[in-house]
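What's counted below: heavy atoms across the whole structure, side chains too, no hydrogens, waters or symmetry copies.
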Amino acid sequence: MAVDRLLPTDEARDLIQLTRDVADKVLAPIVDEHEKAETYPDGVFATLGEAGLLSLPYPEEWGGGGQPYEVYLQVLEEIAARWAAVAVAVSVHSLACYPLMEFGSAQQQQRWLPDMLGGGTIGAYSLSEPQAGSDAAALTCKATAVEGGYRVDGAKAWITHGGIADFYNLFARTGEGSKGISCFLVPKDTEGLSFGRPEEKMGLHAVPTTSAHYDDAFVPAERRIGAEGQGLQIAFSALDSGRLGIAAVAVGLAQAALDEAVAYARERTAFGRRIIDHQGLGFLLADMAAAVDSARATYLDAARRRDAGLPYSRQASVAKLVATDAAMKVTTDAVQVLGGYGYTRDFRVERYMREAKITQIFEGTNQIQRLVISRHLAG
Ligand SMILES: Cc1cc2nc3c(=O)[nH]c(=O)nc-3n(C[C@H](O)[C@H](O)[C@H](O)COP(=O)(O)OP(=O)(O)OC[C@H]3O[C@@H](n4cnc5c(N)ncnc54)[C@H](O)[C@@H]3O)c2cc1C
């Protein structure tokens, strides 16, 4: 059932319609096959780029879509409702464009942004390391200054789109402590950079998540984004925006699970009536609908603050926490609504439930979101 969205402009309405068309014609027919076989959907990101759906929240002058964040997130939600793995990779691409857009020099922007925002090159974001996830300041991958640039040594972990993306936001240590980290934009074909085998994950099977290994890899100084030591500030401010993308993905998943559960409950009968007409189940579906609507409201509130130029870090963490917990609960309840069939791969709800779990973990676990919110409360 298409969500009846309150959109700010006719252009936004057209964009949502375009997204639904692309998602229904290009994504929906192949999602099951790729998720089951764990194969990468070649060509899908090029199609999304040609449709102008890859860099919506960035300025048109640089090749972006010039859309408010509240519109971009609703597009992402529509994509996630058909294929969460693709939506996550779109969100990560957007995240990976942020450092150059917000902290790059005019020269760096002119050189790389049009290709990145036009969909010619796909981006990935590599902050996490095997021993440093939540505690990002503990990262150890090292960039040593040499003539003309840096020599990088160390390992990064858990990179969405790793080994396939064309460029990588690399956060590496150039000094001591949390102010000793710098941000680089590293092309995939850098000598000395290699990628591990894709992780064997619970879900999001079609887009690989890999480690990256830097072995005396040379990164020219012109590829450092921002000042030396500014890396963690760049990483965290990018994540404020990225978290909203994950919140939107979670709502898309929850909406898809709700739709499937409602459709099933209207058809399936037990004790002489449709299961949706048993109040115990009808109320479960009502709670699911309330959770989806209120989760959407939290990300829209944060996005509208961002669009208005207001602080939104706390609201972004609230949105990520609320939306991803809602997605976990709603997708689990959707399996319950389908009874035994919900536990099989014949229906999509089991996939939604597996996919919802990761939204509570990446781009800051929900414990870390609580940490951010409580720090705001503590002043
Ligand atoms: C499929 C997938 C894709 C990913 N994609 C990317 C990506 O593209 N780029 C990237 O950089 N990273 C990515 N990640 C990494 C992800 O962001 C981290 O896994 C996440 O931040 C948690 O880090 P960790 O796994 O090291 O867990 P840890 O930090 O070791 O945490 C373990 C547990 O301890 C809890 N914990 C830790 N510190 C605290 C605290 N202070 N208070 C309370 N509880 C705490 C955590 O909430 C968690 O429950 C991805 C991960 C996965 C699984």
Side-chain angles (χ1 to χ4, degrees), residues 2 14-58 63-65 67 71-97 114-125 158-169 187-188 195 197-210 242 245-246 248-253 255-256 345 348 351-352 354-356 358-359 362-363:
D14 291 345
L15 196 54
I16 291 292
Q17 194 48 53
L18 169 76
T19 308
R20 285 177 180 158
D21 289 346
V22 172
D24 288 339
K25 286 186 193 131
V26 180
L27 305 184
I30 59 169
V31 52
D32 293 330
E33 153 201 345
H34 283 286
E35 284 298 326
K36 279 180 188 159
E38 307 201 11
T39 47
Y40 185 71
D42 283 323
V44 157
F45 289 91
T47 306
L48 294 176
E50 282 157 23
L53 298 178
L54 279 185
S55 306
L56 286 171
Y58 290 102
Q67 290 299 310
V71 175
Y72 156 64
L73 292 181
Q74 294 188 76
V75 165
L76 205 54
E77 190 199 314
E78 291 281 344
I79 297 173
R82 311 317 193 283
W83 199 339
V86 169
V88 166
V90 171
S91 178
V92 168
H93 170 71
S94 191
L95 171 72
C97 294
D115 233 16
M116 288 161 64
L117 298 182
T121 52
I122 298 290
Y125 178 91
W158 306 115
I159 304 167
T160 297
H161 237 149
I164 290 182
D166 305 289
F167 66 91
Y168 295 80
N169 290 170
K188 177 187 169 188
F195 297 91
R197 283 167 47 126
E199 302 293 343
E200 294 181 11
K201 296 173 296 193
M202 185 188 288
L204 305 185
H205 290 149
V207 175
T209 307
T210 73
I246 300 307
V249 168
V251 173
L253 264 174
Q255 182 70 55
R345 292 198 177 182
R348 288 177 172 170
R351 170 164 69 80
Y352 299 149
R354 286 185 285 104
E355 291 172 338
I358 187 56
T359 66
F362 57 18
E363 297 207 19

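- Contact check for Cys97 versus Leu117: side-chain heavy atoms found under the 4.5 Å cut-off.
- You'll find the side chain of Tyr58 stays beyond 4.5 Å of the side chain of Met116, heavy atoms only.
- Nearest heavy-atom pair, Tyr125 versus Val92, reported as atom, atom and distance to 0.1 Å: N-CG1, 4.0 Å.
- Between Arg354 and Met202 the shortest heavy-atom distance is NH1-O, 2.7 Å.
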**Report entry** Working for side chain to side chain contact (heavy atoms under 4.5 Å, CB included), residues Arg82 and Val31
**Finding:** CA-CA 8 Å; Arg82 311 317 193 283; Val31 52; 5.9 Å; no
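- No side-chain heavy atom of Val88 sits less than 4.5 Å from a side-chain heavy atom of Val207.
- Contact check for Ser91 versus Ile246: side-chain heavy atoms found under the 4.5 Å cut-off.
- In this structure, the side chains of Leu48 and Val90 come closer than 4.5 Å at one or more pairs of heavy atoms.
- Distance check: Gln67 CD to Gln74 CD gives 11.0 Å after rounding to the nearest 0.5 Å.
- Annotation for Phe362 and Leu204: closest pair CE2-CD1, 4.0 Å, computed over non-hydrogen atoms.
- Closest non-hydrogen pair, Thr160 versus Ala89, comes out as CG2-CA, 4.4 Å.
- With values rounded to the nearest 0.5 angstrom, Glu363 atom CD is found 5.0 Å from Leu95 atom CG.
- The shortest distance between side-chain heavy atoms of Tyr72 and Ser55 does not fall below 4.5 Å.
- Here the closest non-hydrogen pair linking Leu253 and Glu355 is CD2-OE1, 3.4 Å.
- Lys201 contributes atom NZ, which lies 8.5 Å from atom CD of Glu38 (distance to the nearest 0.5 angstrom).
- Taking 4.5 Å as the limit, some side-chain heavy atom of Ile30 sits within range of a side-chain heavy atom of Trp83.
- The backbone N or O of Ala96 sits less than 3.5 Å from a side-chain atom of Asn169, completing a donor-acceptor pair.
- With values rounded to the nearest 0.5 angstrom, Asp32 atom CG is found 4.0 Å from Arg348 atom CZ.
- When atom types are taken as modelled, the side chain of His205 and the backbone of Glu35 share a donor-acceptor pair closer than 3.5 angstrom.
- Residues meeting the side chain to side chain contact (heavy atoms under 4.5 Å, CB included) test with Pro114, sequence neighbours left out: Trp62.
- The closest donor-acceptor contact from the side chain of Thr19 to the backbone of Leu15 lies under 3.5 Å.
- Note that CD1 of Ile122 is 5.0 Å distant from CG of Leu54, once rounded to the nearest 0.5 Å.
- A distance of 7.0 Å separates NZ in Lys188 from CD1 in Ile164, rounded to the nearest 0.5 Å.
- Taking each heavy atom of Ala28 and Asp24 in turn, the nearest pair found is CB-O, 3.7 Å.
- Taking the six-membered ring where the residue is Trp, the centroids of His161 and Phe195 are separated by 6.0 Å or more.
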